[in-house]
Engineer: 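So that we are looking at the same thing, I have put the structure below in structure tokens.
Numbers restart at 1 for each chain; the letters A, B, ... are given by sequence-line order, proteins then strands. Computed from a predicted model, the values in this text were never measured in an experiment.
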Protein chains: 2
Amino acid sequence: MAVSIRDVAERAGVSVGTVSNVLNKPDRVSEAVATRVSDAIRELGYVRNDAARQLRAGRSSSVGLVVLDARNPFFTDVARGAEDAAAEHGVAVLLGDSDEKPEREAAYLDLFEEQRVRGVLVSPLGDIRDRLQRLRALGAPVVLVDRMAEDSSLSSVSVDDVAGGRTAVAHLLETGRRRIAFVGGPLGLRQVADRLAGAQHAVAAVPDAQLEVLEGSALSVSEGRRMGEQLVARDPAERPDAVFTANDLLAVGLLQALVMRGGVRVPDDIALIGFDDIDFASATIVPLSSLRQPSRLIGQTALGILLEEADDPTLAPRQVVFQPELVIRESSAG
Amino acid sequence: MAVSIRDVAERAGVSVGTVSNVLNKPDRVSEAVATRVSDAIRELGYVRNDAARQLRAGRSSSVGLVVLDARNPFFTDVARGAEDAAAEHGVAVLLGDSDEKPEREAAYLDLFEEQRVRGVLVSPLGDIRDRLQRLRALGAPVVLVDRMAEDSSLSSVSVDDVAGGRTAVAHLLETGRRRIAFVGGPLGLRQVADRLAGAQHAVAAVPDAQLEVLEGSALSVSEGRRMGEQLVARDPAERPDAVFTANDLLAVGLLQALVMRGGVRVPDDIALIGFDDIDFASATIVPLSSLRQPSRLIGQTALGILLEEADDPTLAPRQVVFQPELVIRESSAG
DNA sequence: TCTCCTCGTTGAAACGATTCATTACCCTTC
DNA sequence: GAAGGGTAATGAATCGTTTCAACGAGGAGA
């Protein structure tokens with residue numbers, strides 16, 4: 001059924017080795033033979049079998065990317081950056097969405113191992129250091145995305161989340177707010193923990209400021225809505241006067257609950273700032289202040305490092321850290 | 001370097017065939033041998049080589065999915081639905097983002113062909129009927145997503161875009177609007193053309209109603225912003241009194257431009273309705289009316305059909321069409 | 001005419017898993 | 001004790017490609 005290189009060789013009256021050369025090293029082959037082979041390929045509708053190539057080569061020409069949540073525009077932007085860089089190098093990106101579930105993350109890593117991918121980009125969820133070391137040992141470099149490596153045995157491309165958290169809350173404090181709430185979770189996620197740590201630094205620097213931590217279970221719009229309803233259910237006097245959410249999706253959900261169901265005025269009653277500065281941030285009911293990450297650049301950079309390490313496994317791991325940028329809009333004005 | 005099944009066999013003191021049986025047909029193997037082999041696998045850190053499996057099996061255990069725009073929440077929801085269904089069947093989904101570029105679409109289809117995927121889900125961009133027929137001939141069934149098949153030689157899962165367009169514009173007309181604008185593009189995209197056709201039907205049914213078509217080049221937020229600025233630049237008397245956009249991303253961008261830069265009141269000056277009902281639609285400056293598509297269900301259904309056809313190639317192609325549902329919010333109220 | 005090069009082509013080996021016909025072994029049963 | 005039957009394990013063949021040592025033809029130089 002399937003047309004193989006052998007059929008092409010027969011049709012063109014040459015050996016299989018020659019067909020392979022036409023495909024992979026055209027300069028080693030005479031022009032007459034090359035056109036004869038190309039014709040045969042076209043006539044038979046031959047398509048290379050990637051599995052056989054990979055088997056022979058010992059590795060695939062794809063790289064794997066596992067993101068925490070493909071519905072989060074931040075990660076789709078990262079993915080797009082990675083794809084841009086990959087396309088330049090003729091490499092394909094296999095995208096896996098762990099959906100913040102450790103078992104899905106593990107399943108994708110298994111898949112990538114079995115596929116013998118060239119390397120893996122991952123925004124890790126659980127504690128998978130062992131897995132990642134193993135991948136490295138297997139010859140597939142690993143680059144952490146959106147999270148700095150704890151030890152220096154792995155490369156990473158991330159944003160300074162602590163600085164971002166500090167900047168966000170310092171901004172809220174500057175506008176006169178004192179009863180700050182941090183909304184985000186799970187705190188097991190490094191990004192969340194770091195942004196919270198930054199927030200705590202900022203609050204500690206101002207004597208009469210206080211910080212309340214509301215830990216949620218996911219970084220999604222619906223979770224934000226849920227947290228917002230909790231706030232709305234409180235006596236108004238018990239509510240914070242400013243909220244910093246761990247990302248923009250939470251902020252969007254929170255905003256829906258506060259403004260539309262709770263009748264809370266933003267920013268008058270409660271100021272709000274998010275993280276990521278996704279495209280939608282400027283289009284929300286009340287345009288959202290946020291910390292911008294260079295998401296596409298993160299993806300590009302990470303893939304570049306990955307390919308460099310794949311080519312030269314002796315390279316020392318690198319940690320690249322970008323600084324987030326404060327974008328002030330109406331939700332935290334005055 | 002790499003540990004193969006042969007190393008495992010040696011370590012466990014059995015033949016390679018037996019190791020393979022432990023992995024694939026555990027019931028054919030005695031318990032004693034099974035544990036001995038499992039131990040060897042663990043000790044050596046053996047990982048299956050998928051390329052070799054595929055080569056032998058003649059096909060991979062993945063399916064391909066090409067979406068028009070991975071940044072559009074509608075498509076990430078479709079993708080997630082497909083992944084849900086795939087996970088149940090132990091199949092992996094390779095996600096490709098054509099980014100509305102025909103060459104990227106072609107590149108992903110090439111990749112999927114070479115990978116000998118079990119089948120392909122695609123929301124087609126250019127005219128790729130030949131490619132798809134070829135895939136089918138190669139043994140990989142194809143299911144069109146978000147677009148009905150023109151002929152009945154392919155299966156498809158879609159939404160009735162004509163009905164959706166008609167419903168949207170009929171709703172605008174009911175609220176008293178008469179000078180309707182359709183914003184969307186490129187018109188070469190079937191979904192866009194169909195939604196426009198529906199809009200035209202609705203307008204044709206009301207004597208003094210008129211429809212203006214503003215064709216854009218992409219279905220993105222930034223393109224929506226650009227179109228919005230064009231409207232804002234007009235003399236207010238020359239503006240439409242209602243806009244139907246081909247999807248919600250356009251509507252979000254349009255809203256930003258109209259309200260924030262143009263000082264236009266929505267819905268008072270211009271009513272607005274989008275398509276898809278993405279999560280963000282209810283969180284925009286002015287909550288957005290839209291037509292809801294069962295996006296996740298579309299993905300699940302498409303993948304289900306794909307796997308059925310992969311198992312039994314003689315099955316007749318099926319066309320599943322869902323009906324979109326009108327969701328009225330503030331942007332088109334009264 | 002003979003030797004030496006070069007260039008183009010050949011064909012067999014190898015990659016690692018699965019499959020299946022064959023073999024080995026043990027237990028019944030007569 | 002021999003024959004028969006059932007279960008487990010074996011190992012060679014196979015998938016489709018790439019690689020590389022070997023080969024052959026044709027030309028240049030002596």
Engineer: Can you find a side-chain donor-acceptor pair between Gln133(B) and Ser153(B) that sits under 3.5 Å?
Structural biologist: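 Checked: Gln133(B)/Ser153(B) side chains pair up, N/O donor to acceptor below 3.5 Å.
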Engineer: Does either side chain, that of Ser155(B) or that of Glu309(B), offer a donor lying less than 3.5 Å from an acceptor on the other one?
Structural biologist: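 Yes - a donor-acceptor pair under 3.5 Å links their side chains.
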Engineer: Check Arg80(A) with Asp97(B), please: is the shortest side-chain N to carboxylate O separation under 4.0 Å?
Structural biologist: yes
Engineer: Between Asp84(B) and Arg296(B), is the closest basic N to carboxylate O distance under 4.0 Å?
Structural biologist: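 So Arg296(B) pairs with Asp84(B) through a salt bridge.
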Engineer: Roughly, in whole Å, what's the span from CZ in Arg6(A) to C1' in dT17(D)?
Structural biologist: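 In whole Å, dT17(D) C1' lies 9 Å from Arg6(A) CZ.
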Engineer: Tell me: CG of Asn49(A) to P of dG16(C), nearest whole Å?
Structural biologist: 17 Å
Engineer: Answer yes when Lys101(B) and Asp99(B) have at least one side-chain N-carboxylate O distance shorter than 4.0 Å, and no when they do not.
Structural biologist: yes
Engineer: Need one value for Thr18(B): base, sugar-phosphate or nothing, where a base atom within 4.0 Å counts as base even if backbone is also close, heavy atoms only.
Structural biologist: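 Base, at least one base heavy atom under 4.0 Å.
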Engineer: So, is Arg53(B) near the phosphate of dT18(C), with a side-chain N or O under 4.0 Å from OP1 or OP2?
Structural biologist: yes
Engineer: Return the value, rounded to whole Å, for the distance between atom CD of Gln54(B) and atom P of dG16(D).
Structural biologist: 13 Å
Engineer: Between the main-chain N or O of Val14(B) and the side-chain N or O of Thr18(B), is there a donor-acceptor pair closer than 3.5 Å?
Structural biologist: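 Judged by distance alone, no pair lies under 3.5 Å.
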Engineer: For the side chain of Ser20(A), starting at C-beta, report the closest nucleotide among dA17(C), dT17(D), dT18(D).
Structural biologist: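 Nucleotide nearest to Ser20(A)'s side chain: dT18(D).
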Engineer: Starting from C1' on dT17(D), measure out to CG on Asp7(A) and report it in whole angstrom.
Structural biologist: 13 Å
Engineer: Please figure out whether Val47(A) or Asn21(B) has its closest DNA chain D nucleotide nearer the 5' end.
Structural biologist: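 On the 5' side of the pair lies Asn21(B).
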Engineer: What is the separation between atom CG on Asp50(A) and atom P on dT17(D), rounded to the nearest whole Å?
Structural biologist: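 Distance, rounded to whole Å: 10 Å.
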Engineer: Val120(A) pairs by side chain to side chain contact (heavy atoms under 4.5 Å, CB included) with which of Leu135(A), Val145(A), Leu94(A)?
Structural biologist: Leu135(A)
Engineer: Could you say whether Ala51(B) or Ser15(A) is positioned toward the 5' end of DNA chain C, judged by the nucleotide with the nearest heavy atom to each?
Structural biologist: Ser15(A)
Engineer: For Arg59(A) and dG16(C), what is the distance between atoms CZ and P respectively, to the nearest whole Å?
Structural biologist: 14 Å
Engineer: Can a side chain N or O of Lys25(B) be found less than 4.0 Å away from OP1 or OP2 on dT19(C)?
Structural biologist: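 Yes, because at least one side-chain N or O of Lys25(B) sits under 4.0 Å from OP1 or OP2 of dT19(C).
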Engineer: Using a strict threshold of under 4.0 Å (side-chain N to carboxylate O), is an ion pair present between Asp110(A) and Arg48(B)?
Structural biologist: no
Engineer: Which whole-number value in Å describes the distance from Leu55(B) CG to dA14(C) C1'?
Structural biologist: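 Distance, rounded to whole Å: 12 Å.
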Engineer: Using a heavy-atom cut-off of 4.0 Å across all strands, would you classify Gly58(A) as base, sugar-phosphate, or nothing?
Structural biologist: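 Nothing: the residue Gly58(A), judged by heavy atoms under 4.0 Å, touches no strand.
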Engineer: Between the side-chain atoms of Arg56(A) and the base atoms of dT18(D), is any donor-acceptor pair under 3.5 Å?
Structural biologist: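 Donor-acceptor pair under 3.5 Å: yes.
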Engineer: Write down the distance between CD1 (Ile5(B)) and P (dT14(D)), rounded to a whole number of angstrom.
Structural biologist: 19 Å
Engineer: Hey, can you pull the residues of residues 28-46 of chain B with a non-hydrogen atom under 4.0 angstrom from DNA chain C?
Structural biologist: Tyr46(B)
Engineer: Could you walk me through whether Asp39(B) and Arg36(B) pass salt bridge (charged side-chain N to carboxylate O under 4.0 Å, His left out), step by step?
Structural biologist: CA-CA 5 Å; Asp39(B) 288 348; Arg36(B) 201 138 45 89; over 6 Å; no
Engineer: For the helix from dT1(C)-dA30(D) to dC30(C)-dG1(D), what angle separates the axis at the start from the axis at the finish, each from five pairs, in steps of 10°?
Structural biologist: 60°
Engineer: Nearest-nucleotide wise, let me know which of Arg116(B) and Val14(B) is further upstream toward the 5' end of DNA chain D.
Structural biologist: Val14(B)
Engineer: Any luck finding a side-chain donor-acceptor pair between Glu114(B) and Asn49(A) under 3.5 Å?
Structural biologist: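 No, Asn49(A) and Glu114(B) have no side-chain donor paired with an acceptor closer than 3.5 Å.
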